[in-house]
Chemist: 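Let me begin by handing over the structure; questions about it come next.
Each ligand, and each atom within it, is numbered from 1 in the order the structure gives. Given the structure is predicted, the values throughout are model-derived calculations rather than measurements.
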Amino acid sequence: MKKVFIGAMIMVMSQFAIAGEGMWLPMLLKSLNEAEMQKMGMKLTAEDIYSVNKGSLKDAIVHFGGFCTSEVISSNGLLLTNHHCGYGQIQSHSSLENNYLKNGFWAMSKEEELENPGLTATFINEIIDVTIGALMGVTEKMSVSERQSVVDKNLKKVTDDIQRENYQDVYVRPFFNGNQYFAFKTTTYRDIRLVGAPPESIGKFGADTDNWIWPRHTGDFSLFRIYAGPDNLPADYSPDNKPYQPKHHLPISLDGVEEGDFTLVFGFPGRTQEYLPSPAIEQIVNDLNPAKISIREKALGIIDKYMRSDEEIRIKYASKFARVANYWKKWIGESQGLKKTKGIAKKKKFEKEFMAALPKNSSYRSILPTFEKLYKQQAPLAYVRDYYSEVASRNIELMTVVSISQRLVSAYEENGEKGYQSYKERIIPFLEGFYKDYNATIDEEVFGALTEMYVMNVDKAYVPSSLMGLRDVDSGLDNGRGVNFYNQTSFANPTRMFAVLEMTPDAAVRHIKRDPAYSFGKEWKELFDAKVAKPLSGIQFQLDSLQRIYMDALMKTFPNKTFYPDANSTMRVTYGQVQSYNPSDAVTYQPVTYLEGVIEKYVPGDYEFNVEDKLLELYDNRDFGQYADSNGKLPICFIGTNHTTGGNSGSPAIDAHGNLIGLNFDRAWEGTMSDYNYDSSICRNIMVDARYVLFVVDKFAGAGHLVKEMTLVHPKKK
Ligand code: ARG
Ligand code: ASP
């Protein structure tokens with residue numbers, strides 16, 4: 001008896017132990033996922049997660065500023081998201097006297113909450129399948145561009161036809177590469193105030209060293225509040241606005257997690273490409289990632305050198321450095337993960353199965369060979385595209401001013417003084433912010449090093465002649481005639497740049513056009529547009545439509561397999577379980593970290609690993625209140641098999657009953673290739689434990705009034 005039972009258990013476990021892959025549309029859970037989710041331990045129904053008619057979990061899930069996720073955690077519109085999602089707002093309220101990044105910020109009453117112009121919070125009211133309308137009149141025989149123009153026309157009509165209240169918006173997005181279309185009816189709130197943020201030593205503990213790393217000890221959270229007009233509807237900021245009353249807010253579990261617990265992550269993942277053919281993955285691993293990694297490595301090395309030698313530079317460059325370092329590190333992990341899990345071989349094997357499943361005369365048989373051919377054609381161009389974008393648009397800061405000045409000149413040439421003035425008004429505040437954190441000495445060194453890499457590593461046909469003329473000599477960048485390029489241009493110097501913008505439009509445009517950086521940038525961009533961007537867009541168009549056909553073919557060829565659409569910044573549910581993993585032979589990573597780990601990593605005074613005295617004191621006294629685990633320790637973070645990506649930051653981790661147990665903020669390095677090839681053996685998302693969030697708010701910050709607003713529950717203690 002017993003043996004049979006254990007055997008059955010193991011079968012069930014192994015069938016579901018790997019569950020985790022997929023980012024599912026919430027309104028399709030009923031038909032596609034509910035049964036599996038319940039087998040994995042979920043006590044909810046699909047209707048509890050997504051319902052149009054009654055309050056459901058989805059009503060607590062909020063697209064934060066369009067780039068992160070957040071969730072409502074009180075009946076007064078309190079919003080929880082990551083520290084790194086609210087970073088810009090926290091920084092914007094900070095000054096040397098009130099340094100909220102360094103010291104944290106806590107509004108002790110509603111009056112102290114801080115307004116954030118431009119920040120939005122968007123709810124999804126309804127998701128509607130509009131595939132039939134979007135593809136009306138589309139036939140197999142149409143050329144790719146004919147199809148495109150029919151679909152574009154349809155989409156306009158489909159969007160217009162959806163009934164909405166005057167405060168609602170509707171957008172339609174393609175799914176499965178344009179084989180299906182869904183409309184999203186939304187309500188966007190515009191008065192979102194900052195309520196609380198821990199100091200960086202908690203919210204960003206471990207900073208770049210620990211970024212993408214498990215085991216992790218970061219309290220990556222911040223609190224905001226949605227304010228509404230008298231009717232509870234969206235309104236512009238006003239002191240008279242009232243805290244928003246949600247249809248649903250997430251209760252918070254005090255019972256924590258253990259290995260094997262069901263977890264659901266609800267949010268707005270940005271972009272994945274799970275169905276790319278093997279030549280595309282080969283290109284990423286062999287050509288594109290190594291190029292991008294090496295360029296950023298060079299730039300980061302230079303910036304780091306200056307940041308370490310000068311505190312003022314460190315502050316100026318902290319946020320830029322973090323942004324550049326974030327994806328530099330991600331790509332390294334991604335390439336390693338793809339190699340380690342044999343991502344390319346797995347794709348190839350799958351492609352063999354696909355071919356084997358096709359009838360002899362199937363028109364689909366040409367798909368993979370055509371991909372092969374197109375990616376071969378595209379490869380050299382894609383390489384230059386990434387090289388150019390990393391060097392010219394992302395890492396040499398001067399190029400930002402170059403491209404702004406190009407647009408200013410076009411505004412003048414196309415729309416005269418009026419066009420010039422209106423563009424100028426927009427760029428002045430931007431440039432003020434830009435120069436505030438700009439150091440021309442660092443940028444000149446980055447320019448020299450990166451353009452040298454470009455000349456060395458990119459085919460001569462794509463190198464502008466003015467770049468060949470520049471030489472990096474001891475005294476800086478030489479224009480080939482003994483004149484320093486960075487001294488010559490006005491763009492690297494705010495005083496000179498603003499003086500140019502003070503001139504009459506006509507004089508300013510003449511001045512800009514004579515600037516050596518302007519002509520240099522113009523030559524480079526024109527060369528790039530003509531020889532790279534244009535031919536590439538032709539090939540990309542063919543690749544995109546072939547990808548749509550391939551997707552359709554996969555779904556038809558494997559009718560029993562359940563496919564999920566790639567992430568496209570729309571609302572998704574992913575589910576899995578809390579689970580350890582083996583990053584390498586003989587090494588196992590436990591799924592939960594504790595405050596002990598913060599203390600182990602503590603380096604007094606260090607900018608990444610410092611710990612506040614108050615936290616040390618709470619630790620010494622084991623003063624964890626109701627937030628300790630059953631073992632008496634304070635949990636910090638945990639991992640699960642949930643399939644997440646950029647944009648899922650700030651997403652709630654929800655338990656089997658619909659309670660908040662954690663806050664998603666990162667992935668483990670070994671598994672960042674999940675954007676192309678999810679593998680449940682090493683792909684883990686990283687969440688802050690909800691109890692650490694509560695502990696910091698209550699015990700560390702003394703903002704217990706916020707905890708009182710929330711609904712705390714004990715789902716495991718019956
Ligand atoms: N890796 C996480 C994500 O992709 C967190 C990034 C923010 N933290 C940092 N140290 N840069 O967004
Ligand atoms: N850290 C990411 C974000 O900000 C999440 C991830 O890539 O896993 O959205």
Chemist: Heavy-atom count around Lys305 NZ within 6.0 Å, excluding the residue itself: above 12?
Modeler: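 For Lys305, atom NZ is crowded (more than 12 foreign heavy atoms under 6.0 Å).
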
Chemist: Looking at ligand 2, does any of its N/O atoms fall within less than 3.5 Å of an N/O of Cys68?
Modeler: no

Chemist: State, yes or no, whether a side-chain contact exists between Tyr438 and Leu398 at a heavy-atom distance under 4.5 Å.
Modeler: yes

Chemist: Do Val265 and Asn648 have side chains that approach each other closer than 4.5 Å (heavy atoms only, starting at C-beta)?
Modeler: yes

Chemist: What residue among Lys601, Lys204, His217 forms side-chain hydrogen bond (donor to acceptor under 3.5 Å, both in side chains) with Asp210?
Modeler: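 Filter result, single survivor: Lys601.
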
Chemist: Pick one of side chain, backbone, both or neither for how Asn685 approaches ligand 2, counting any non-hydrogen atom pair under 4.0 Å.
Modeler: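 Near ligand 2, Asn685 shows nothing, with every heavy atom at 4.0 Å or more.
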
Chemist: For the pair Leu79 and Val62, evaluate side-chain contact (heavy atoms from CB on, under 4.5 Å) and give the outcome as yes or no after the intermediate values.
Modeler: CA-CA 9 Å; Leu79 211 51; Val62 176; 3.9 Å; yes

Chemist: Can you tell me how the ring of Tyr275 sits relative to the ring of Phe176, calling it parallel under 30°, perpendicular over 60° and tilted otherwise?
Modeler: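 Tilted, since the angle between the ring planes falls between 30° and 60°.
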
Chemist: Counting only nitrogen or oxygen atoms and a 3.5 angstrom limit, does Trp212 reach ligand 2?
Modeler: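 N/O-N/O distance below 3.5 Å does not exist for this pair.
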
Chemist: When Arg667 is tested against each of Thr672, Asp675, Asn685 for side-chain hydrogen bond (donor to acceptor under 3.5 Å, both in side chains), which residue passes?
Modeler: Asp675

Chemist: Which protein heavy atom lies closest to atom 3 (C) of ligand 2, and at what distance to 0.1 Å?
Modeler: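 Checked against all protein heavy atoms, atom 3 (C) of ligand 2 sits closest to Ser649 OG, 2.3 Å.
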
Chemist: Test of understanding: with side chain to side chain contact (heavy atoms under 4.5 Å, CB included), list the residues that count as partners of Ala382, not counting sequence neighbours.
Modeler: Gln283, Leu288, Gln378, Arg385

Chemist: Is the shortest distance from a Lys or Arg side-chain nitrogen in Asp666 or Arg216 to a carboxylate oxygen in the other one below 4.0 Å?
Modeler: yes

Chemist: Just which atoms of ligand 2 are under 4.0 Å from any heavy atom in Gly647?
Modeler: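 Numbered from 1, ligand 2 contributes 3 (C), 9 (O).
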
Chemist: Tabulation required: pairs of a nitrogen or oxygen in ligand 1 and a protein nitrogen or oxygen under 3.5 Å; columns are atom names and distance to 0.1 Å; otherwise 'none'.
Modeler:
| from | atom 1 | to | atom 2 | distance (Å) |
| --- | --- | --- | --- | --- |
| ligand 1 | 1 (N) | Asn211 | OD1 | 2.7 |
| ligand 1 | 1 (N) | Asn326 | OD1 | 3.0 |
| ligand 1 | 1 (N) | Asp666 | OD1 | 2.8 |
| ligand 1 | 4 (O) | Asn326 | ND2 | 3.2 |
| ligand 1 | 10 (N) | Asp208 | OD1 | 3.4 |

Chemist: Considering only heavy atoms, does Thr645 approach ligand 2 within less than 4.0 Å through its side chain, its backbone, both, or neither?
Modeler: backbone

Chemist: Mark up the atoms of ligand 2 that fall under 4.0 Å of a heavy atom belonging to Asn648, in ascending order.
Modeler: 9 (O)

Chemist: One thing to verify: whether Lys340 and Glu670 come together as a salt bridge, which I'm taking to mean a side-chain N less than 4.0 angstrom from a carboxylate O.
Modeler: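 Looking at Lys340 together with Glu670, the answer is no, because their closest N to O distance does not fall below 4.0 Å.
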
Chemist: Nearest non-hydrogen atom to atom 7 (O) of ligand 2 belongs to which of Arg667, His643, Lys330, His84?
Modeler: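 Going through Arg667, His643, Lys330, His84 one by one, Arg667 has the nearest heavy atom to atom 7 (O) of ligand 2.
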
